[in-house]
Each structure stands twice: as structure tokens, then as C-alpha cells.
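All values reported here derive from a predicted model rather than from experimental measurement. Residue numbering restarts at 1 for every chain, and letters A, B, ... go by the order of the sequence lines.
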Amino acid sequence: MEKYITTPIYYLNGLPHIGHAYTSILGDVMKKFEQMRGNNVYYSTGTDEHGQKNQHSIENSELSAEEFLQRQSDNFRNLFINLGIDFDFFVRTSRPEHQKIVQEILQNIYDRGLIVKKSYEGLYCEGCEQFKKKSDLDENGHCPDHKTAPKAISEENYFFKLEPYRQWLIDYIKSHPDWIQPAKYANEVLGMLKEPLEDLCISRPKSRVWLGVELPFDTNYVTYIWFDALVNYISTLNFGHNPDFENIWSNSHHLIAKDILKPHCIYWPIMLHALGVAPVKHYFIHGYWIGEGGVKMSKSLGNVVDPVEMVDIFGVDALRFYLINNMTMAGDSQISPDLLKQGYKILANNIGNLQMRVLKMVQKNLNSKVPSKAALNDEDKQLLNNIAKRFTSVFRKDIGLETISELAESIISAGDATNAYFAANTPWVLAKDPAQKDRFEAVVYTTLDALRLIGNALYPIAPTTAGKIETSLGIENPQFVAEFKPMSLAEGAAIKVGDPLFPMIEEK
RNA sequence: CGCGGGGUAGAGCAGCCCGGUAGCUUACCAGGCUCAUAACCUGGGGGUCGGAGGUUCAAAUCCUCCCCCCGCAACCA
């Protein structure tokens, strides 16, 4: 089956932070998970290169728009590559094909009479070059940033009518309980839909914003974020020009953080519905990463966790594992160098140490060859069967946030079980007694085979480590497939003792 | 009464829907083991489950009120 996974496209006015890294890692984990299940996955992530914020950043830089956008976009692309993210398409809204499809869609909606022009009156702060709502202002009615009173001005703009589709959307949510996951966010969306929906402003006059896609029916305007950024999800599939579009779109999954719930779960499905296109199949919504102690990250507090720094200290796979293992379903999740170090030690002690202790034993006592499995007893087989059964059941579940965190948990508990098995069977004692040779080999084989199963399950979350584990067991060109057959490790294969998977971290 | 989420051992979390001896990881302590990476195994100390009422034989779990934290409310994952 062909599946499609997307992340939001990220604004370029800043550097990528841990949240961007997380969403894109999550998509990559889901992609690899699905690939192991035999599904083809097309995965897109990328950058939003339009809008006033980006325009400001360009104007404040010494660079041309093109140079600035290229540089900033590359920051994201390079980070994602460094994080091992296997995206199939990197979105850039500056891409001409995207802009063309945006215009086609706008014209389509306009021709259906769903876009109206009217004047918008509001309080405009010249410092921010933005309209302000009363709730944005301080107690004196001034802009909190510029300490000046905003001007009441009126501006003509184009609007997309949402209200006619509100009831349709409510019904859709209620009749598709899995559409928005976790379910609590569906409730939140339903809450937003209790009141009539205002017309959605979809344009900006070029006099204010020049960085955007021109409206096909009025060259004095560019389109505002919604019909530009959201459309990336289908322009990437070459919507309107791709006979296979319906097929892949019907298995599409949007990953987003909770802050952009409203545009994605209200504006976007209504836009698609107006176009005669079905909504995305699933939304997966996650919370924020905040600092240890529940404090929001901020530069002034010095608790900002930078993904690039964390990769330098802990490595890609440990960061990926931490993020996947520690995002809670309920709310926001905490991250700090200390917490990451805890997560790192779990991997190092549990999986890394297990691999090293058994490999060294094979190297010293078995001439670096995987021993015979002929003498495996019931206990040995039971360990392997239990691990295989657990992994099999996880990989049978539908993709989702809960499935992914269960995967992480199942890996740690398999590592625990194998360490306990190893300690209980004292192979280092057996090794010294020639009469116990068969038993010794059985225990070592069992441990190696357990490690093989763990490495296979680890692939979506920690692909590089997974590869190292399999290779160290003498498996050439490991293939990662969602099959967990116990006792499949080839006897006689040459193991390779390499560097520790998770080496000791130097204290600064 | 704008909407929503959270408050459970020093730290990070699960349990709450479907009430019945308070659990996991980490940190700490002790013992074991010594194959291994700061290890691993076993055991232990530490919590009146934000507060107050109520329902019940029984409440972290259900109900009511209150306190605190965090998001969202036209553009930060």
C-alpha cells in the first residue's frame, strides 16, 4: 500500500529548534515503521518561504530574498539529513510548481463564488506592520512591543467563506472518531466549531506583503498563508496533474503540533471540501517540548535545548530515542541535557552493554563465531518467543503516536529481560567448564538471537544503531522487515566486535 | 463564568474511562556477580496521589467547590 506522511512546513525566520526536529523525526520513525510492514511511504517535510515574517527577516538581512531563503531553508534540510530523516520530498513554497498549483486552486475556488472581497477594519500597529486584536494590546490599548497606540484603518481584502461548511465538518468529526488523534484534540476542534466561523482572510495587499503567491484574479494582492502553506500538502503530489492523486491522498497522514490545530483541522478540510477533495485520512497531534521542571524554554533562562548541540553530545540515535520515548500523550513533555543523559544511559546500559558483553564473550571463547543453537532448552526458547511475540504485536498495530511509544518501551523491556536471562544463566561460569560447552553455546546463541530481534525492532527509531547491531552479529546487508522469527540467527556467522554503540559521554 | 491540558516519591512519567493492598524509569542505599561501557542481577528506603467536602463497605480513580501551572483564542513543532 502507498502511504503519504507529512510534517508542517517550517517558517524560515529562525533556526530549527527541538520541536521542528521532533516532528520531522516522528515522521521518519513512522515511515520506517510502515516500510518494515511492507508499505511504500512518501514522506514530505520542508519550509514555508512566504509571508510577512520571512519578509521581515529578509529585509533585516544583507542578503537577497533568494539567498536568504536558500540559506535558511538549507539549515532545516541539513539538520534533517543529519538526523537521519529519510524524506522523499523537501517542500519549498518558492518552487514554481507549487505556486502554479496554488493559483489554480485559488482560481477554482474563486470561480465557484466562494471568495468575496470586502473591507477589513482593524487596529493596525505600524511598528509591527500587523493588525492587532484588542486582546493583543496592553492595558493602555497600546501595542505591547512598540508602546504606541495602533491606528484604526480599513483595508480591502479577499475572504473565503467557512461558515457554510461548519455543520459538515462537525458531522465529519463525529462520524470519524479516529480522524484526529489523540481524541482530546478532536474535542477541542469541536469546541472551536460551536460558534459560527468568521470569513477567512486569504489575501494581503502587495503594498504590505510582497513575498507570496500573486492572486490569479487580482494582481494587487498575494495570497495569505492558508491557500499557500496548507496547499503544500497536495501540491507536493502534483494535485490536478496527477492521475494517481486520489490513491495516495486516501492514505495520507498529517503530523502537527497542537498550536496549529485550527488551521489544519478547520480551515484545511473546509478548503479541500470546497474543492471536492476528501480530507486527509489521519491527523497525529503532539504537544510541546518544554524545559525540565515544566518551564518554557527561553534564551533568558538558558534552558533552550538545541538539537544540533544534543546530537553533538549524545548522537542522533539517542536523541531520536529520547524524543520518541518521552513525548507524553497527555500534554507537554520535558527535555533537558540531564534528562537526555538519563535516556542515553538507559540505552547504553541496557542495549549497548548487552551487546558488548556477549560479543566479547564470543570473541574470547568461541573464536568469534555464532555458536550452535542445537541445545536450546525451553527457557531459552521462551525468552526468544516472548520477545518476538511482543515485537510482532507492536508491528501489527496501526501507525500512531501510541504505537510508536509502545515500540520504544518494548525494546527497553526486551533488553531488560535479556540482561536478566544472561545474568541468571552465568555464561561466564559455563565458559570455564568444558563439560558445559553445549549449555554455554545455547545461552550465548539465545542472547545473540535476542539482540538480533532487538536490533530489528530498533530500526525505525534508531536506524544507525540497528544496522550496527545486525552487522555485529555477522549479518551482511541487514534488511529490516517486520518479521520476528526466533532462532533465525545464522550459526557459524562471524561476529564483529566494534566500538561501543553508546560510548561513555565525556563530562564537560 | 471563553476553550483545553496538567498538578501522583528528589527528577521524569503510567494508573483515572470500567472504584478494591500506589506502579515504572532515574537518582539514592545494601547485597550478589565480575562476562561487559559510567556495567549487570537481586533486594530496600522514600509518596497523607494539589486542597477541602461529598457518594461508597472501599476513592489517585466517581460528584461538587477551591488553589496552582501550562497552552490556545487570524500566521512559533
- prompt: Between A:K53 and B:rC76, does any side-chain N or O lie under 4.0 Å from OP1 or OP2?
  reply: yes

Aromatic ring proximity, centroids under 6.0 angstrom, A:Y22 and A:Y288: no

- request: For A:K161 and A:I115, indicate whether the former's side chain and the latter's backbone hold a donor-acceptor pair under 3.5 Å.
  value: no

field: Distance test, side-chain N/O of A:K341 to OP1/OP2 of B:rA27, below 4.0 Å
entry: no

query: Any idea which of B:rA38, B:rA77, B:rU34 is nearest the A:W428 side chain?
result: B:rU34

task: Mark yes or no for whether A:W179, through its side chain, and A:V280, through its backbone, hold a donor-acceptor pair below 3.5 Å.
output: yes

- request: Indicate, with yes or no, if the rings of A:Y322 and A:Y344 have centres closer together than 6.0 Å.
  value: no

message: Using a heavy-atom cut-off of 4.0 Å across all strands, would you classify A:Y11 as base, sugar-phosphate, or nothing?
response: base

query: What residue pairs, at least two apart or across chains, pass salt bridge (charged side-chain N to carboxylate O under 4.0 Å, His left out) with a residue in residues 252-263 of chain A?
result: A:K258-A:D332

query: When you check the gap from the basic side-chain N to the acidic O, do A:E188 and A:K184 get nearer than 4.0 Å?
result: no

message: Give the dot-bracket line for RNA chain B from 5' end to 3' end: parentheses for intra-strand Watson-Crick or G-U pairs under 3.5 Å, square brackets for crossings, | for inter-strand pairing, dots for unpaired.
response: .(((((((.[[[[.)....(..]]]].(((((.......))))).....[[[[[..)....]]]]])))))).....

- request: State whether A:K184 places a side-chain N or O below 4.0 Å from either non-bridging phosphate oxygen (OP1 or OP2) of B:rG4.
  value: no

query: What do you reckon, are the aromatic ring centroids of A:F87 and A:Y43 less than 6.0 Å apart?
result: no

field: Within the 6.0 Å centroid threshold, strictly below: A:F284 and A:H253
entry: yes

message: Return a single string for nucleotides 10-17 of chain B, one symbol per nucleotide in 5' to 3' order, where B is base contact, S is sugar-phosphate-only contact and - is none, cutoff 4.0 angstrom on heavy atoms.
response: -SSSS---

Partners meeting side chain to side chain donor-acceptor pair (under 3.5 Å) with A:T23 (sequence neighbours left out): A:H286

message: Closer than 3.5 angstrom, by distance alone: can the side chain of A:E155 be matched with the main-chain N or O of A:S119 as a donor-acceptor pair?
response: no

statement: Ordered by number, residues from residues 257-269 of chain A within less than 4.0 Å of RNA chain B (heavy atoms) are A:A257, A:K258, A:D259, A:I260

Check the interface with nucleotides 40-47 of chain B: list each N/O to N/O pair with the protein under 3.5 Å, or write none.
{"residue": "B:rC40", "atom": "O2'", "partner": "A:R357", "partner atom": "NH1", "Å": "3.2"}

message: Run the salt bridge (Lys or Arg N to Asp or Glu O under 4.0 Å) test on A:E406 and A:K397 for me, step by step, so that the C-alpha distance in whole Å, both residues' side-chain angles and the decisive distance to 0.1 Å come before the verdict.
response: CA-CA 10 Å; A:E406 195 185 336; A:K397 291 178 189 244; 3.3 Å; yes

message: Any base atoms under 4.0 Å from A:G343, or only sugar-phosphate, or nothing? Heavy atoms, all strands.
response: nothing

